[in-house]
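This report concerns only the one structure given below.
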Amino acid sequence: MNLPLTRRSLLAAAASLALPPAFAQPARPLRFVIGFPSGGSSDAMGRALAERLAPALGLPLVVENRPGAGGTTAAAAVAKAEPDGSTLMLASSHHLVAQYVQTGLGYDFATAFEPVAAMAAVPSVLVVAARSRVGSVRELISAAAAGPDRLRYGSVGAGSTQQATAELFRIRAGIKLDGVAFPGGNAMMAGLANGDIELAFETIPSALAQIRAGKVRALAVSTAKRSFALPDVPTLAEAGLSNFDAPVWYGAVAPAGTPRATVERLNATVNRLLDSGEFKAQLLQMGATPVTMTPIEWAGAIRLDLKRWERLARQAKLVA
């Protein structure tokens, strides 16, 4: 029997056609998991994407901060989530370092997740307190070598990029340092400003505001090239530690087994957002370089970064 189409049924049909097939009439809102506390660089990055992703997909989206164990608490939960396209996680280099430093994770990052879309790459910046007498990397190395007490660096715990980069710096500079763990990047930067630690490596999006406010002083960046956000700050290679290159990236992943069509649609949506002037400008303002890749390219980049951080973890003797 053919029933007449009412105005309401026509509108409903049009609405369903406007949504990508994999997302039509979702059983629950899209969940975007961030494995770090609110207020830090990971949270800022994740929310910047999530706020645009929901309207772009035409779906309700819930951001879930699930901090703990350097982002691995969230990763363990997402790895076990239903691979139906309803769960995404903000992944970063923190997760790759943790793969080689922490034990009992319950997952292998290389196989537990489906790479969805890259987002941004950022340098870490070596910072000291504004009141510190240290004015350069060389002065910092000399102070660490001369003092009877070890200088203290901050991190957000074992397996974090802050720890791995600081330990690599310790090895390459031939000095002794002690690590102090904080519950998050904001707490670490506050500890640096208050004198609880003497130095820290933090991502530029998290450190930039305090650098500009004069609360901390930037000595060098961890990447092979200078940062456009801090053009007057040298690289560690320029400061005498040749070939020092330890960038941090951010992107989105889903549980392994998520349908390929869903991954492709999410990737296309994220890439369109990254190509938009507004989102790109926001990331640049945070000191991050937007990065667009296909899912295959993103998977390859993750494999390369896993090897990079495994090598750095071994050099710094952090391997579990």
Side-chain angles (χ1 to χ4, degrees), residues 40-41 93-94 97 121-156 160-182 184-249 285-289 309 312 315-316 318:
S41 59
S93 300
H94 297 282
V97 177
V122 303
S124 292
V125 56
L126 170 58
V127 286
V128 296
R131 60 186 176 184
S132 172
R133 295 181 180 180
V134 171
S136 69
V137 173
R138 281 298 172 196
E139 290 180 8
L140 177 62
I141 293 173
S142 295
D149 298 323
R150 295 186 183 185
L151 299 185
R152 298 159 297 179
Y153 71 82
S155 78
V156 298
S160 65
T161 54
Q162 291 97 333
Q163 183 204 34
T165 309
E167 286 290 327
L168 180 63
F169 172 71
R170 174 184 65 80
I171 295 295
R172 295 290 301 279
I175 57 178
K176 295 180 179 180
L177 298 171
D178 284 333
V180 178
F182 292 85
N186 286 346
M188 182 186 74
M189 294 299 286
L192 178 65
N194 294 335
D196 299 326
I197 53 175
E198 284 74 42
L199 67 137
F201 281 88
E202 180 58 298
T203 56
I204 283 183
S206 185
L208 200 54
Q210 295 206 44
I211 293 171
R212 289 172 174 169
K215 294 181 180 180
V216 300
R217 186 186 310 128
L219 300 185
V221 294
S222 69
T223 43
K225 296 181 180 180
R226 294 193 181 197
S227 167
F228 66 87
L230 297 169
D232 296 328
V233 177
T235 66
L236 281 166
E238 289 176 312
L241 301 181
S242 60
N243 299 320
F244 199 112
D245 187 22
V248 176
W249 57 255
Q285 187 176 18
M286 294 167 67
T289 300
W309 285 108
L312 296 186
Q315 286 178 325
L318 299 175

Listed partners of [X] passing side chain to side chain donor-acceptor pair (under 3.5 Å), at least two apart:
X: E198; value: R152
X: Q210; value: none
X: S155; value: none

Closest non-hydrogen atom pair between [X] and [Y], with its separation:
X: V137; Y: A220; result: CG2-CB, 3.7 Å
X: I204; Y: S227; result: CD1-OG, 3.3 Å
X: L318; Y: A164; result: CD1-CA, 3.7 Å
X: P205; Y: V122; result: CG-CG1, 3.8 Å
X: L151; Y: L140; result: CD1-CD1, 3.7 Å
X: I175; Y: A144; result: CD1-CB, 3.8 Å

Worksheet item: With no hydrogens and no angle check, is any side-chain donor or acceptor of R217 less than 3.5 Å from a backbone partner on S136?
Response: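 No; zero donor-acceptor contacts below 3.5 Å.
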Discussion item. Any side-chain to backbone donor/acceptor pair from H94 onto S160? Under 3.5 Å, distance only.
Written reply: no
Measuring from [X]:[atom1] to [Y]:[atom2], what's the distance to the nearest 0.5 Å?
X: E202; Y: M189; atom1: CD; atom2: CE; value: 6.0 Å
X: F182; Y: D196; atom1: CZ; atom2: CG; value: 5.5 Å
X: L168; Y: L312; atom1: CG; atom2: CG; value: 5.0 Å
X: I171; Y: L177; atom1: CD1; atom2: CG; value: 9.5 Å
X: L236; Y: T165; atom1: CG; atom2: OG1; value: 9.5 Å
X: L192; Y: K215; atom1: CG; atom2: NZ; value: 12.0 Å

Worksheet item: Could you give all pairs that pass the ring-ring contact (aromatic ring centres under 6.0 Å, His included) test and reach residues 191-223, with sequence neighbours left out?
Response: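 Listed once each, the pairs are F169-F201.
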Worksheet item: How would you list all residue pairs meeting ring-ring contact (aromatic ring centres under 6.0 Å, His included) that involve residues 209-246, not counting sequence neighbours?
Response: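 Non-adjacent pairs meeting ring-ring contact (aromatic ring centres under 6.0 Å, His included): zero.
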Practice prompt. Show the numbers, then the answer: is there a side-chain hydrogen bond (donor to acceptor under 3.5 Å, both in side chains) between T161 and S93?
Written response: CA-CA 7 Å; T161 54; S93 300; over 6 Å; no
Worksheet item: Are D245 and P247 side-chain neighbours, meaning at least one heavy-atom pair lies under 4.5 Å?
Response: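 Yes. Closest side-chain heavy atoms under 4.5 Å.
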Practice prompt. Decide yes or no for P123 and K225: does some side-chain heavy atom of the first lie under 4.5 Å from some side-chain heavy atom of the second?
Written response: no
Practice prompt. I would like to know whether E167 and Y153 meet side-chain hydrogen bond (donor to acceptor under 3.5 Å, both in side chains); could you show each step before the answer?
Written response: CA-CA 9 Å; E167 286 290 327; Y153 71 82; 2.6 Å; yes
Worksheet item: So which pairs with a foot in residues 136-151 pass salt bridge (Lys or Arg N to Asp or Glu O under 4.0 Å), sequence neighbours left out?
Response: R150-D178
Discussion item. Evaluate L208 against L230 for side-chain contact (heavy atoms from CB on, under 4.5 Å), listing each step before the verdict.
Written reply: CA-CA 9 Å; L208 200 54; L230 297 169; 3.8 Å; yes
Worksheet item: Got more than 12 heavy atoms from elsewhere within 6.0 Å of CG, N243?
Response: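 No.
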